[in-house]
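Accompanying notes for the structure given below.
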Amino acid sequence: VVTRYGEENNSFMAIRAESANAAVVAVGDGVVRGVSFVSANDGYMVSIAHSDTLSSVYTNLRPPEVQVGDRVTQGQVIGYLGGSSLLPANTLKLWVQVNEGGRSSFVDPSTTLGL
């Protein structure tokens, strides 16, 4: 873990892979709800809904291996690191979002996912 949730007031966790351009896998079963090119600074983003209340978001991806509407399983490759011009090609930014009572908030991925 390069950056923990809450450090420097961020709402994500940054995780370093062993190598550049490493595979990024889904943290759980779900449906791909979003795939987009965020910016040259962040690369591509993939959002996966794991339930009505829980989603995960991944950035610093090259063009993803999944499309909106795809069903994914835990551990399935969704893309490869290296899409950002600013982040190292071995660093993933991961958000976990919880939706409860019509409100949405980001929570600590390590707590929610058991990392």
Side-chain angles (χ1 to χ4, degrees):
V1 175
V2 179
T3 305
R4 296 196 178 284
Y5 173 86
E7 283 182 12
E8 301 174 18
N9 248 359
N10 64 36
S11 57
F12 62 87
M13 172 184 278
I15 303 167
R16 182 174 296 134
E18 290 184 21
S19 62
N21 307 311
V24 175
V25 300
V27 297
D29 297 349
V31 176
V32 176
R33 292 291 184 215
V35 172
S36 63
F37 181 74
V38 179
S39 70
N41 292 345
D42 291 316
Y44 282 85
M45 180 267 323
V46 170
S47 173
I48 299 173
H50 303 287
S51 70
D52 290 340
T53 59
L54 182 68
S55 347
S56 56
V57 179
Y58 314 74
T59 63
N60 190 20
L61 302 178
R62 292 186 284 155
E65 301 292 310
V66 294
Q67 298 177 32
V68 171
D70 286 354
R71 291 197 173 278
V72 296
T73 57
Q74 183 176 14
Q76 178 179 336
V77 173
I78 60 170
Y80 293 88
L81 291 174
S84 168
S85 61
L86 293 180
L87 289 173
N90 67 343
T91 303
L92 170 70
K93 279 181 148 179
L94 172 66
W95 286 262
V96 170
Q97 187 173 24
V98 173
N99 301 303
E100 293 178 318
R103 297 188 56 166
S104 176
S105 61
F106 291 108
V107 297
D108 186 350
S110 62
T111 303
T112 305
L113 302 173
L115 299 175

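Just so you know, these numbers come straight off a predicted model, no measurement behind them.
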Indicate, with yes or no, if [Y] and [X] share a hydrophobic cluster defined by side-chain heavy-atom contacts under 4.5 Å among Ile, Leu, Val, Met, Phe, Trp and Tyr.
X: Tyr5; Y: Ile15; answer: no
X: Val35; Y: Val38; answer: no
X: Leu94; Y: Ile48; answer: yes
X: Val27; Y: Val57; answer: no

With sequence neighbours excluded, residues passing side-chain contact (heavy atoms from CB on, under 4.5 Å) with Asn41 | Ser39, Ser85, Leu86
Linking Ile, Leu, Val, Met, Phe, Trp and Tyr through side-chain heavy atoms less than 4.5 Å apart, which residues share a cluster with Tyr80?
->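 Result for Tyr80 is Val25, Val77.
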May I ask you to test the [X]-[Y] pair for a side-chain heavy-atom distance under 4.5 Å?
X: Ser105; Y: Arg103; value: no
X: Val32; Y: Gln67; value: no
X: Leu81; Y: Asn21; value: no

Only pairs at least two apart or in different chains count here, so list each ring pair (Phe, Tyr, Trp, His ring centres under 6.0 Å) that has a residue in residues 17-49.
-> Phe37-Tyr44
State the [atom1]-[atom2] distance between [X] and [Y], to the nearest 0.5 angstrom.
X: Phe12; Y: Glu7; atom1: CZ; atom2: CD; answer: 9.5 Å
X: Arg16; Y: Leu87; atom1: CZ; atom2: CG; answer: 11.0 Å
X: Arg33; Y: Ser55; atom1: CZ; atom2: OG; answer: 9.0 Å
X: Phe106; Y: Asn10; atom1: CZ; atom2: CG; answer: 11.0 Å

From the options Val31, Ile78, Leu61, select the one residue that forms a side-chain contact (heavy atoms from CB on, under 4.5 Å) with Val66.
->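 The residue from Val31, Ile78, Leu61 that satisfies side-chain contact (heavy atoms from CB on, under 4.5 Å) with Val66 turns out to be Ile78.
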Please name the residue in the list Met13, Gln97, Arg4 that meets the side-chain contact (heavy atoms from CB on, under 4.5 Å) test with Pro109.
->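 Output: one option passes, namely Met13.
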So, for Arg71 and Gln76, which heavy atoms are closest and what is the spacing to 0.1 Å?
-> O-OE1, 3.9 Å
So, does Asn60 use its side chain to make a donor-acceptor pair with the main chain of Ser84 at under 3.5 Å?
->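 Side chain of Asn60 to backbone of Ser84, a donor-acceptor pair under 3.5 Å: yes, one is there.
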When you measure from the side chain of Ser19 to the backbone N and O of Ala22, does any donor-acceptor pair fall under 3.5 Å?
-> no
